[in-house]
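Beneath this line is the structure, given in structure tokens, with notes to follow.
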Amino acid sequence: MSATPKLTVSYAPFWHNGSRISKKSCNIFMASLLAVVPGVYQYGVPALGVVALSVGSAMMWEIIMNILTRRPISIGDGNAAVIGMIFAMLLPATAPWWIVVIGTCIAIVIGKHIYGGIGGNPFNPVMLAIAILMLSWGKILDFNAALASYAFNFNAVYPLTLMKSFGASAVGGISLKDLLMGRQIGGIGATCGIGLIAGGIYLMLRGYIRWEIALSFLAGVGVTALCFNKVNPVYAGPGIHLLTGYTLVGAFYLITEDSSSPVNFIPMMIYGAGAGILTVLIRNIGAHVDGVVFAILIANLINPLVDKIRPKTIGEVITHA
Amino acid sequence: MGDLLVLMISCILINNILLAQYLGNCPFLGTSKKMETAVGMAMAVIFVLVMAGVITWVLNVYCLKKLGIEYLQTISFILVIAGLVQFVEMFLKKSIPALYAGLGIFLPLITTNCAVMGVCLINIKEEYSFIEALVSSFAYAAGFGLALILFTGIRERVLLARVPKPLQDTSIGLVTAGLISLAFYAFKGMV
Amino acid sequence: MREIIKMVVVLTILSTASGGLLAALRNSTQERIDLQVLQFVKGPAIKKILEGAANDPITDRFAIADGETQRSFFVGKFNGKANVVAFEDFGTGFGGNVGLMVAVDVDTDKVVGIAATTHNETPGFGASIETDKGFTGQFVGMPITSAPKVTKDGGKINALTGSTVTSRAACAAISKAGEAYQRLKPEIQKQLKTFSG
Amino acid sequence: MIKRSFFGCMTPKLSYAVVDESYAEPVPVSPKKKIILFFSPTGGDSPQPAFKVGDTVSAGQKLCITDPAVPYMLSSMSGKITDITSMTGIFGKKIISATIAIDDPSQQSVDESFKSIHQAPGLGNAMEFLKCLPGYPGFGVFADKNHPVQTIAVLGMDNDLVSATNQYVVKNNIASVKTGIGVLRQITGVHNVVLIVPPQLVQVAGSSGATLKSVDMAYPSAHPVLIERYLLAQRDKPQNQTTVKSVAFFTAEAVAAIGAAYNTGRIPFEKIITFLSKDGRKRLVSAPVGTPLQDILDAMSETLGDGDRLIVGGPMTGFSVYSADYPVLPDMDTLILQESKTIPEQPDTPCINCGECIRVCPVKVPINMLVRYLEAGQFEVARDQFALFACIECGFCAYVCESRIPILQHIKLAKHTLERL
Amino acid sequence: MAKTIAQEFTKGLWNEIPPFRLVLGLCPTLAVTKSVEGGIGMGIATTFVLLFSNALISILRNIIPPKVRIACYIIVIATFVTVVELLMQAYTYAIFRQLGIFIPLIVVNCILLGRAEAFASKNKLLPSIADGLGMGIGFTLSLASLGAIREIFGYGTFYGMHVFGPSFEPFTFMVEAPGAFVCLGLMLCLMNLAGGK
Ligand SMILES: Cc1cc2nc3c(=O)[nH]c(=O)nc-3n(C[C@H](O)[C@H](O)[C@H](O)COP(=O)(O)O)c2cc1C
Ligand SMILES: Cc1cc2nc3c(=O)[nH]c(=O)nc-3n(C[C@H](O)[C@H](O)[C@H](O)COP(=O)(O)O)c2cc1C
Ligand SMILES: Cc1cc2nc3c(=O)[nH]c(=O)nc-3n(C[C@H](O)[C@H](O)[C@H](O)COP(=O)(O)O)c2cc1C
Ligand SMILES: Cc1cc2nc3c(=O)[nH]c(=O)nc-3n(C[C@H](O)[C@H](O)[C@H](O)CO)c2cc1C
Ligand code: SF4
Ligand code: SF4
Ligand code: SF4
Ligand code: SF4
Ligand code: FES
């Protein structure tokens, strides 16, 4: 053969639409800032510290696990930073440093790397971390106690605790506009309703999250809350349920996590709506103050089964009967 | 009726035999690599557990208690269960071969399954009435089946993931079971 | 044939030996086991509600037949007089039966104290019935026959926080204990006499 | 036809190339010193060529392999066989390559066997002489008596992106296509001929005498399987009966070549290739089958650098070759030269379950699960439970895959491995 | 069969240590290791049964007819389990309560039947005793170490003594059911690493 230069031999596709994991991570990260920045504004420097530590420690755990499992360093795909960011969004601004470090360790190590890293995790890593922390150090995640030192110009009681203890009448005075504008207490990135909604819409439009899941989750929460409210007005209506606690952050940043959610249309609807219904069930008749975390874990659990419902493949050839 | 429903939900979801009571883990990890196997095992456990629960309850109330020899519970229960499984196996083989083909291979595994023995002992310990014992046996077995099938769905995927070598198989299986158990905390306080 | 005979013989001998061994062991340990059960299960509760008694209530006890069952009564001596009995009854709680030891002053028919014995309630919720003096203290001094109720059911008892179910169980146990007490009071008084002095 | 996200309006739509003024007349390229012919035996133990080094061949002479399952090739030039080698192509496919040092263009000797029979067109002599025409006409379907061909579909559209070869033929050479259609009707006896064209060529194609169907420009609507399913499906027939082979597909280029062959008695060898150079310019080239790609590169004054890629076939479904010493093949519609720095990287990331592939797959293959089993090497499960063989190999899934998994490569490899079992 | 008695003993301590190398008997491992005490108690009870049943079955191995051997093993094992049950009730009642139904469940622990079938029925008395003791002690060590890890992090104590300062907030997850599974899974991973797997 003639002395041609060494050509690269590789496989189709030779063109690509340019999507990549790091790009998606970056977009999610930026979108989450829409909710995190108002949170940091509200809670001040401690919140900024929690966010920075969370993102930083998540990336640190990622590197440690890459080294331990002898895999290429993968912080470049930004997934660890996204996990750190989303985790920080759920924490109170006063979370102690060790809670943040342990939490990101659980998310990255247990939630992600022991399943072989990105794409392998059957559960949402952030949800696992929060659930384990809730189980162990519940009072640190109790927003009323955690944020007691702040003086706000609004009623600084976690609306879901109010609702749990005193029923809908206790939250009747809260205006939905206040909730939307973030005039409530909660996680650093979970209170500013419009920030979350704007970020969510951006991500849905760009196709980074699947709108089917996010919207069916919100619909599930709304419809179930409405049913409860109509049957017995002691239960709060859909507006409160949709705008408090982790509902919005759950719809746009948690339940849409790729690896633990379905990809087909009907399963996505079942998955999202199921988690929504369960969220309100837990809030209204279950033990936990906010149901989003455990509802998403249960939804993750049924994901492999529901995702077996898929459209019939056209022209599927059964070669072996 | 309402009480029985509460008992049922509690046995399936809240006090799930595998995830909260730690019973029946060996078959749980052993039969969860393929969906068909898991479904077969779930059926077999429901079948045997309901029979064993009822028979040991009767044995305890009408025999051991009457004679005042409750300390022979352990030995008599295990013999009854072992005998029952043998008998069921023979019976199925002769009369319902189709069912035997489906469940047969799982039956011997069940003899040494602490879930069966455990539920029988729980029925006695909780002093359930006959009907409660029947419901709880069924519900515990159904809870086992539910957990097993959910676990298998996940495990089928985990088997395809790039799990680090030392964690593969039983190790990751146990961790996953723990996380499922964590997810089941969702139902706490619901009944 | 010989094989079958051998099988039967071996199995029979084994079972007999096993039965014999266990029966013997059972007989020799029975008393100790009963004592241990009292000490570990009922003991702490009894000690708590009969605090300051001059005697050891666990050894000073008697049993009365109540229909089919035997009820144990533990005697507390105060001021040199055996006037308090403690006994157990049950209510249905969050995780099954809640056993409640109730101490009654036979002179006044009033509750001296209550304490949980066996239960399967959740730590942090119903299980605080063991430690929550504010809850158990509410019953002290009320007539044993008053059939208490939690506020949600129209009564006066403030439930343990977040654990109405457990609190109901406690109330039910006391109501049942009151009924039993009324039934057996003559017999109790008769038996108590043997401890006084 | 492509299902896309309801809100996914911002994802770019992937369209076929449109032949327009940016495509100039094909640049004629002729081989300089040699031609290379590839024979790919599909079966047989050790097929041997029925020719040997040192043989002289004339232009249009038929070269055979002893194994009858192997398609013959016609030499496009006259010359002398200098080398015969066996090599291994993709997926371990066996290829026999024959190198012919060509005679001086002015002294070409021509084989006349086809000329003698060209006035009596028939399926028999078409199969005997015309199988390796540019465009690679497949006459085999007509031999299957169980599934009689009812429709001949002529593709005035190209299968992959970039390529405008067939569109060019329809636009500039509709007369030859018309002649070819006539010949096809005559030799096959099938009168229902459908010409598939992009919307903007409907007018031009009107004169072809065939029924016209225009196809959506969104990739991969022009895939034969999809055309058969959606454009040619008969209303009264259940859709899943498409397995009955009742449509014969020919590219417009092949049809035009058939027409030319029977009209003139001279077998055409010039393959029209869409060439995409490093700077993204698209040009058409016409070169005889067998021309080494190096000659085309030279003619286009393109130079190969280290790490560049030379891709035969389109960007979605083609394959890259390891040397420019690779011949023009009868079905090579596209040739792409890709500079090393524009090559999309393919990191070794597992599927993250993003679902993009599911949205674009035209036949709804459950790709996210399929790739897991394929990467784990469990091909049987992939076939039995995840519709491996329903894939029409359009490559769209790999184009959008966020993890950049070469999904199509996995699929082809799995199919190939299973078929070899 | 060239193994010495010492080898039979030590294999249970590392090479075949249950439940890590022989993945059997998971349920008690998960259930009783909330504390070191529970782990050791369960381990000793299991060792006791394992030791005696191995010994007895080894002695009887030539008498037991093969067809009913499983039944015989079950009788032998169940007898010793009941013995342990009675003795623990009589002398270590606190641990007995903690272990609950897992004491009677020793009878279905696969390790016991496994050793009976795989070892004692084919070997002489001394090796069988060594095997039983080794496996039992290995099991005890495993349970104790798992119990230690879970107790230290979950309660902040070791055998009831505080190990961290008073500001330590216990990692309750470790002593709950999910923690049991996760902890055992991760320990299994460490053992695999240590075993060079
Ligand atoms: C009591 C007991 C129950 C078991 N149950 C199962 C079981 O249900 N399924 C199973 O595959 N293996 C079970 N095993 C383990 C098997 O004997 C064997 O180790 C295992 O099937 C091998 O798994 P593999 O096919 O994945 O290598 C059990 C072992 C014991 C002692
Ligand atoms: C994990 C968990 C454990 C609980 N345990 C108990 C319990 O042991 N006893 C009880 O009465 N309620 C318990 N509850 C609360 C009941 O579910 C129920 O909410 C409560 O009894 C209602 O009474 P409230 O009106 O006082 O809140 C528990 C709740 C949760 C979430
Ligand atoms: C990995 C890690 C785990 C920790 N775990 C805990 C813990 O479980 N509980 C705790 O109170 N502090 C924990 N700490 C924090 C230190 O012990 C910290 O110095 C201590 O909490 C000081 O708290 P104090 O200011 O309340 O005394 C942990 C720190 C690290 C780095
Ligand atoms: C809305 C959204 C939420 C996400 N949430 C999580 C998450 O909670 N945990 C996580 O590991 N990855 C999360 N991801 C990351 C995602 O699954 C995928 O791994 C990223 O695309 C890679 O960074 C999320 C992605 C999106 C789009
Ligand atoms: S290549 Fe196959 S699987 Fe991929 S999109 Fe095309 S048809 Fe679907
Ligand atoms: S596009 Fe790629 S990463 Fe996304 S689901 Fe499909 S195969 Fe997986
Ligand atoms: S070529 Fe295929 S198998 Fe190999 S690393 Fe890439 S995706 Fe995985
Ligand atoms: S009896 Fe023996 S072979 Fe059977 S499961 Fe137990 S250890 Fe394994
Ligand atoms: S110990 Fe094996 S099933 Fe429980």
Side-chain angles (χ1 to χ4, degrees), chain B residues 15-30 71-79 81-83 86 108-122 124-126 163-185, chain E residues 19-20 23-33 70-71 73-86 89 100-114 117 173-174 176-197:
Chain B
N15 293 322
N16 187 286
I17 182 142
L18 265 166
L19 304 173
Q21 314 258 27
Y22 317 97
L23 290 171
N25 286 287
C26 305
F28 184 57
L29 289 164
Y71 60 93
L72 290 182
Q73 219 178 49
T74 311
I75 190 163
S76 54
F77 279 20
I78 185 72
L79 286 175
I81 293 173
Q86 288 277 315
L109 280 177
I110 294 176
T111 323
T112 53
N113 175 343
C114 41
V116 176
M117 181 81 174
V119 169
C120 297
L121 291 171
I122 289 174
I124 306 302
K125 189 171 149 238
E126 298 287 329
V163 176
K165 194 112 207 297
L167 275 155
Q168 277 169 9
D169 222 7
T170 314
S171 178
I172 195 82
L174 277 167
V175 174
T176 310
L179 301 182
I180 295 176
S181 160
L182 181 67
F184 267 59
Y185 272 61
Chain E
F20 295 119
V23 187
L24 297 174
L26 293 176
C27 305
T29 308
L30 291 164
V32 303
T33 50
I70 300 285
Y73 301 158
I74 290 181
I75 293 178
V76 170
I77 293 171
T79 306
F80 286 112
V81 169
T82 314
V83 168
V84 168
E85 215 179 331
L86 290 170
Q89 274 188 68
I101 62 168
F102 286 92
I103 291 289
L105 281 178
I106 294 177
V107 76
V108 281
N109 187 331
C110 328
I111 299 176
L112 289 144
L113 209 56
E117 168 83 359
F173 172 73
M174 297 290 267
E176 294 276 327
F181 286 98
V182 172
C183 214
L184 182 60
L186 295 183
M187 260 183 94
L188 208 60
C189 163
L190 290 183
M191 291 294 286
N192 285 343
L193 273 178
K197 212 173 149 184

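Proteins get letters first, then strands, A, B, ... in listed order; numbering begins at 1 in each. Values in this document were obtained by computation on a predicted structure and should not be read as measured data.
Nearest heavy-atom pair, C27(E) versus C114(B), reported as atom, atom and distance to 0.1 Å: SG-SG, 3.1 Å. When all heavy atoms of A177(E) and Y22(B) are compared, the closest pair comes out as CA-OH, 3.3 Å. Considering every non-hydrogen atom in both G118(B) and I101(E), the closest pair reads O-CD1, 4.0 Å.
Heavy atoms of Q73(B) lying under 4.5 Å from chain E are absent altogether. No part of I172(B) comes within reach of chain E, as not one of its non-hydrogen atoms sits under 4.5 angstrom from that chain. Looking at T29(E), there are no atoms closer than 4.5 Å to chain B (heavy atoms on both sides), in backbone or side chain. For E85(E), the part lying near chain B is the side chain, with the backbone staying farther off; criterion is any non-hydrogen pair under 4.5 Å. Contact of F77(B) with chain E is not made at all, since no heavy-atom distance falls under 4.5 Å.
Residue F181(E) holds its CZ atom at 4.5 Å from CG of N25(B), rounded to the nearest 0.5 Å. From S181(B), atom OG reaches atom CD of E176(E) across 8.5 Å, with rounding to the nearest 0.5 Å. A distance of 7.5 Å separates CG of N109(E) from SG of C26(B), quoted to the nearest 0.5 Å. Separation of atoms NZ (K165(B)) and SG (C189(E)) is listed at 12.0 Å; rounding is to 0.5 Å. If you take CG on L121(B) and CZ on F102(E), they are separated by 10.0 Å, rounding to the nearest 0.5 Å. With rounding to the nearest 0.5 angstrom, the CD1 atom of I75(B) is 3.5 Å from the OG1 atom of T79(E).
Judged purely by atom type and a 3.5 angstrom limit, S171(B) uses its side chain to pair as donor or acceptor with the backbone of G185(E).
Among the candidates I75(E), V81(E), V107(E), the single residue satisfying the side chain to side chain contact (heavy atoms under 4.5 Å, CB included) test with I78(B) is V107(E).
The choice from I122(B), T176(B), L174(B) that makes the most heavy-atom pairs within less than 4.5 Å of chain E is L174(B). Taking chain B as the reference chain and counting heavy-atom pairs below 4.5 Å, the highest number among P178(E), A71(E), A78(E), C183(E) is found for P178(E).
Side-chain contact between L188(E) and L167(B) is absent, with no heavy-atom pair separated by less than 4.5 Å.
Atom CD of Q168(B) is surrounded by more than 12 heavy atoms from other residues, nucleotides or ligands within 6.0 Å.
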Derivation and outcome, side-chain contact (heavy atoms from CB on, under 4.5 Å), residues V116(B) and V108(E): CA-CA 10 Å; V116(B) 176; V108(E) 281; over 6 Å; no

